[in-house]
Amino acid sequence: MGVPFTYSPVGLTARGVTPPGFNGLRVRTLLGAGEPVFAAASRALLEWRMHRAMGVRVRADAERAAPGVEVTVGLGVGRLRVHGPCRVVWALDEERRAGWAYGTLPGHPECGEEAFWVEHAADGRVWLTVRAYSRPATWWTRVGGPLVPVLQRLYAHHCGWALRRLARRAATTGTRT
């Protein structure tokens, strides 16, 4: 299945575990309520549209997240764009939960895993959770030190804002996100 991941153990975001030696992250954002919001958010998340709505460049070898799909995300602009090669570790598309996680491959500035999932709670509310564990993989992310986790947290919040906007627009207009 291609090059090996740059970290171990793989897949722990599915269980909410941060392994020793990694920085953990968990950000939860309320997207709205109801089945139309959940359906729209799930589609946007599974089809990479949340990331693209944030201005992230996404190159994936499939139109939808699934285990084994290789994806490279690009953050920044011009010569300052940073590319992060990853592979989807797990994905789910259930009645009340949908999401996926990817793990880093060689060339990514961090090593670790990041998961994104949408959940339609019993009370009707729809939540996005971003969970990750990572550590620096390059000299410049090591130099970034305490700033890197702050930027990761901001990125996770931005994911929530972007997905909320996409899901609400699609749910209220009845259009595809």
Side-chain angles (χ1 to χ4, degrees), residues 1-2 5 10-11 13-14 16 25-78 80-105 107-110 112-121 124-134 151-177:
M1 183 174 284
F5 290 105
V10 173
T13 54
L25 170 77
R26 182 179 182 271
V27 173
R28 195 168 184 227
T29 304
L30 180 64
L31 302 178
E35 178 59 33
V37 170
F38 173 73
S42 297
R43 279 192 313 272
L45 179 61
L46 291 168
E47 297 172 0
W48 318 112
R49 287 181 299 199
M50 176 189 75
H51 285 77
R52 288 185 174 118
M54 295 168 38
V56 175
R57 292 243 175 114
V58 177
R59 285 191 329 257
D61 61 10
E63 292 182 19
R64 189 172 170 89
V69 169
E70 302 236 347
V71 58
T72 299
V73 294
L75 297 170
V77 293
L80 298 178
R81 185 173 308 277
V82 175
H83 298 280
C86 302
R87 183 181 307 119
V88 176
V89 175
W90 59 262
L92 54 94
D93 189 1
E94 301 170 349
E95 185 177 337
R96 299 188 74 80
R97 289 187 323 147
W100 51 274
Y102 52 24
T104 58
L105 298 174
H108 198 290
E110 291 282 304
E113 195 167 295
E114 189 168 27
F116 311 86
W117 71 89
V118 176
E119 183 174 4
H120 191 184
R125 293 187 293 176
V126 179
W127 294 90
L128 169 68
T129 301
V130 178
R131 183 179 290 276
Y133 54 89
S134 65
L151 294 174
Q152 289 172 325
R153 185 164 296 283
L154 286 171
Y155 178 82
H157 282 290
H158 192 54
C159 289
W161 300 327
L163 191 56
R164 179 173 43 223
R165 188 178 65 247
L166 287 170
R168 286 184 176 174
R169 181 175 47 209
T172 57
T173 64
T175 61
R176 188 170 170 85
T177 54

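Here the structure is a predicted model, which is why all the values come from computation and not from measurement.
Taking the six-membered ring where the residue is Trp, F116 and H51 present perpendicular rings, their angle passing 60° and hence far from 30°.
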Yes or no on side-chain contact (heavy atoms from CB on, under 4.5 Å) for L25 and Y155, after CA distance, side-chain angles and deciding distance?
CA-CA 11 Å; L25 170 77; Y155 178 82; over 6 Å; no
Checking side-chain contact (heavy atoms from CB on, under 4.5 Å) for the pair W117/R131: CA distance, chi angles, key distance, verdict?
CA-CA 9 Å; W117 71 89; R131 183 179 290 276; 3.9 Å; yes
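Counting only distance, with no hydrogens or angles, the side chain of R49 and the backbone of R43 share a donor-acceptor pair below 3.5 Å. Side-chain atoms of W100 come within 3.5 Å of backbone atoms of L45 as a donor-acceptor pair (strictly under, hydrogens ignored). Of the possible polar contacts, none joining the R96 side chain to the E119 backbone as a donor-acceptor pair under 3.5 Å is found.
The minimum heavy-atom distance between G11 and Y133, with the atom names listed, is N-OH, 3.6 Å. For the pair A101 and T13, the tightest heavy-atom approach, listed with the atom from each and the gap, is CB-OG1, 3.4 Å. Scanning all heavy atoms of the two residues, the minimum distance from P85 to T72 falls at CA-OG1, 3.8 Å. Listed here is the closest heavy atom pair of A41 and L163: O-CD1, 3.7 Å.
In this structure, CZ in R64 is found 5.5 Å from CD in E47, a value given to the nearest 0.5 Å.
The number of heavy-atom neighbours closer than 6.0 Å to CZ of R57, taken from other residues, nucleotides and ligands shown, is 12 or below.
Considering E114, Q152, E113 in turn, Q152 is the only one that fulfils the side-chain hydrogen bond (donor to acceptor under 3.5 Å, both in side chains) rule with S134.
Using a 4.5 Å heavy-atom cutoff, the side chains of W48 and V69 are in contact.
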Do any side-chain atoms of residues 27-39 form donor-acceptor pairs under 3.5 angstrom with protein atoms, and if so which ones, sequence neighbours left out?
none

